[in-house]
Amino acid sequence: MGNTYDAIIVGAGPAGSMAAYVAARLGLRVLVIDRFRFPRMKPCGGGLTQKSVILLRSFGIDLNNVIRNTCNRVVIINNAGSFIITDNEPIISVVSRDEFDNYLLSNALEKGADYVNDRIIGINNGNDYVSVTGMNNSYIGKYVIAADGVNSIIAKSLGNNIRRNNAMAFMTIARGSYHNDLCIIDMTRMKWGYSWVFPRGDNEYDVGIGSIRWANYKTQLIKYVHDIGLREGAVLGHPIPIKPRENIISKRIALIGDAGGFADPTTGEGIFYAMYSGALAALALRYSSNPAEFANNYLRSIEPLIKNLSLAYYLSLGAYGVDHLVMGRLGISAFSMSNTKKLIKRIMRGNIWYYRVPASIIKFSLINGPKIILRKTLHG
């Protein structure tokens with residue numbers, strides 16, 4: 001088949017564009033398919049953690065032209081109070097997703113990836129190739145890397161229930177005058193979730209609200225925007241995966257990004273995990289000689305990420321449940337501990353996984369909780 005691609009990548013968001021960029025750099029013939037024409041609007045907080053910036057720069061992608069603002073201060077608010085996680089130490093860069101995603105795709109195309117605008121409606125996983133059917137055409141590839149989002153038609157074709165294990169968030173680009181260098185994460189506006197304010201510069205703010213409980217939070221978001229003295233723009237909703245999919249790979253098909261369920265249920269961060277899983281899939285493909293080897297290489301490389309995000313799910317229950325709803329009402333929080341703040345910053349930099357954080361929160365609650373309960377009992 002003369003027109004067969006080494007890889008067809010379905011979806012041109014951060015996951016798909018990163019996979020295409022890495023695969024093309026490694027000499028593979030790549031086709032990217034997306035149903036939208038770029039640039040396009042994407043509902044998202046637009047916050048890039050330091051590890052996202054480091055990952056992109058390690059692959060030679062400079063972000064100076066797309067970073068709109070940097071949060072020099074990050075504050076977490078819960079029932080116990082307000083806690084400054086970092087002050088004058090930027091750990092979140094703010095981008096506009098239409099600009100950022102278009103920039104990543106452009107980098108992939110510059111490296112030689114092809115791109116078509118089409119909506120995928122079916123896929124056939126054959127012995128020697130994969131046939132992808134779109135509304136406009138059909139495409140043949142040796143492998144398919146699925147980056148078609150949380151509602152992935154390809155993830156569904158692999159037997160995953162795409163309606164399970166999803167959180168829900170709503171966001172808007174608000175205008176007005178607020179803190180220009182302060183990122184706010186406020187747990188008091190939403191049970192089992194948080195609201196956020198990320199300054200984009202030029203009196204624009206990415207404001208959102210979301211929870212691991214599925215519901216329509218549009219009204220709550222608009223109220224929040226008004227409460228902080230801003231004016232909302234168009235309100236957009238989007239699901240966020242909170243657990244990795246059960247079936248990540250099948251013969252010649254691999255899931256990455258939201259399609260694979262790779263997002264942080266504690267913070268809602270998905271961009272880093274999208275790009276990271278996309279790069280891993282491209283690397284696994286380049287250094288595999290057959291489908292079995294590709295599946296083994298990808299699963300082995302993605303396994304630490306799956307374990308990390310699975311652990312993060314239970315950490316999210318601790319952060320939003322035990323620490324905020326229970327301990328917070330007693331006036332205590334693990335976020336007040338210097339060790340917890342250091343761990344958060346190290347995680348956002350990509351220095352460590354989540355395995356140390358639950359121990360920090362549990363240790364704090366066990367040691368300080370009984371003391372404060374006893375003190376409140378004795379002294380009212």
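Keep in mind that the numbers below use all heavy atoms, side chains included, and drop hydrogens, waters and symmetry copies.
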Non-hydrogen side-chain atoms of Ile222 and Val235 separated by less than 4.5 Å: yes

Distance in Å, Ile256 CD1 paired with Ile154 CD1, rounded so as to fall on 0.5 Å steps: 10.0 Å

Any donor-acceptor pair under 3.5 Å from Asn247 side chain to Leu158 backbone: yes

For Asn296, all residues meeting side-chain hydrogen bond (donor to acceptor under 3.5 Å, both in side chains), sequence neighbours excluded: none

No-hydrogen, no-angle side-chain donor-acceptor test under 3.5 Å, Asn78 and Tyr194: no

Point-to-point distance, once rounded to the nearest 0.5 Å, from CZ of Phe100 to SG of Cys44: 9.0 Å

Distance-only donor-acceptor check, side chains Arg245 and Asn161, under 3.5 Å: no

Arg346, Arg349, Glu269, Met275 screened by side chain to side chain contact (heavy atoms under 4.5 Å, CB included) with Lys51, the one that passes: Glu269

Which atom of Ala174 lies closest to which atom of Val225, heavy atoms considered: CB-CG1, 4.0 Å

Side-chain ion pair, Lys42 and Asp101, N-O less than 4.0 Å: no

Straight-line distance of Ile153 CD1 to Arg35 CZ, nearest 0.5 Å: 10.5 Å

Leu283-Ile61 co-clustered via ILVMFWY side chain contacts under 4.5 Å: yes

Closest approach of Leu26 to Ala282 (non-hydrogen atoms, all atoms of both residues): CD1-O, 4.2 Å

Straight-line distance of Gln220 CD to Ser211 OG, nearest 0.5 Å: 10.0 Å

Any Arg68 side-chain heavy atom under 4.5 Å of Ser96 side chain: yes

Side chain Thr70, main chain Ser93, donor-acceptor under 3.5 Å: no

Inter-residue atom distance Arg37.CZ - Asn117.CG, 0.5 Å rounding: 4.0 Å

Enclosure of Lys218 NZ (heavy-atom neighbours >12, cutoff 6.0 Å): no

Side-chain donor/acceptor of Asp34 to backbone N/O of Ala12, under 3.5 Å: yes

Heavy-atom pair of closest approach, residues Ala167 and Ile242: CB-CG2, 3.6 Å

Minimum-distance pair of heavy atoms, taken over all atoms of Arg97 and Pro14: NH2-CD, 3.2 Å

Donor-acceptor under 3.5 Å (Tyr115 side chain, Ala108 main chain): no

Run the side-chain donor-acceptor check on residues 137-147: report pairs under 3.5 Å with partners two or more places apart or on a different chain.
from	atom 1	to	atom 2	distance (Å)
Tyr139	OH	Asp118	OD2	2.7
Lys142	NZ	Asp6	OD1	3.4

Distance in Å, Tyr313 OH paired with Asn308 CG, rounded so as to fall on 0.5 Å steps: 16.0 Å

Passing option when Thr86 is tested against Lys345, Arg73, Lys341 for side chain to side chain contact (heavy atoms under 4.5 Å, CB included): Lys345

Check: Tyr129 side chain, Thr4 main-chain N or O, donor-acceptor pair, under 3.5 Å: no

Minimal non-hydrogen separation, Ile271 against Gly47, with atom names: CD1-O, 4.3 Å

Backbone of Ala80 reached by a side-chain donor or acceptor of Ser333 within 3.5 Å: no

Phe59 atom CZ, over 12 foreign heavy atoms within 6.0 Å: yes

Under 3.5 Å donor-acceptor, Ser52 side chain and Leu48 backbone: no

Exceeds 12 heavy-atom contacts within 6.0 angstrom, atom CD1 of Ile84: no

Flag if over 12 foreign heavy atoms under 6.0 Å of CG, Asn290: yes

NZ or CZ of Arg29 within 45° of Tyr5 ring axis and under 6.0 Å: yes

Side chain to side chain contact (heavy atoms under 4.5 Å, CB included) between Thr49 and Ile91, intermediate numbers included: CA-CA 6 Å; Thr49 54; Ile91 58 175; over 6 Å; no

Arg189 with Asp227: basic N within carboxylate O range, under 4.0 Å: yes

N/O donor-acceptor pair under 3.5 Å between Ser152 side chain and Asp148 backbone: no

By side chain to side chain contact (heavy atoms under 4.5 Å, CB included) - contacts of Lys156 (at least two apart): Ile162

Side-chain heavy atoms of Val30 within contact of Asp114, under 4.5 Å: no

Phe198 and Trp196 aromatic ring geometry - parallel, tilted or perpendicular at 30°/60° bounds: tilted

Any donor-acceptor N/O pair, Asn69 side chain to Asp181 backbone, under 3.5 Å: no

Short N-O contact, Lys223 and Glu232, less than 4.0 angstrom: no

Within 6.0 angstrom of Arg40 CZ, more than 12 heavy atoms from elsewhere: yes

Minimal non-hydrogen separation, Ile85 against Phe335, with atom names: CD1-CD2, 4.4 Å

Glu293 atom CD, neighbour heavy-atom count above 12 within 6.0 Å: yes

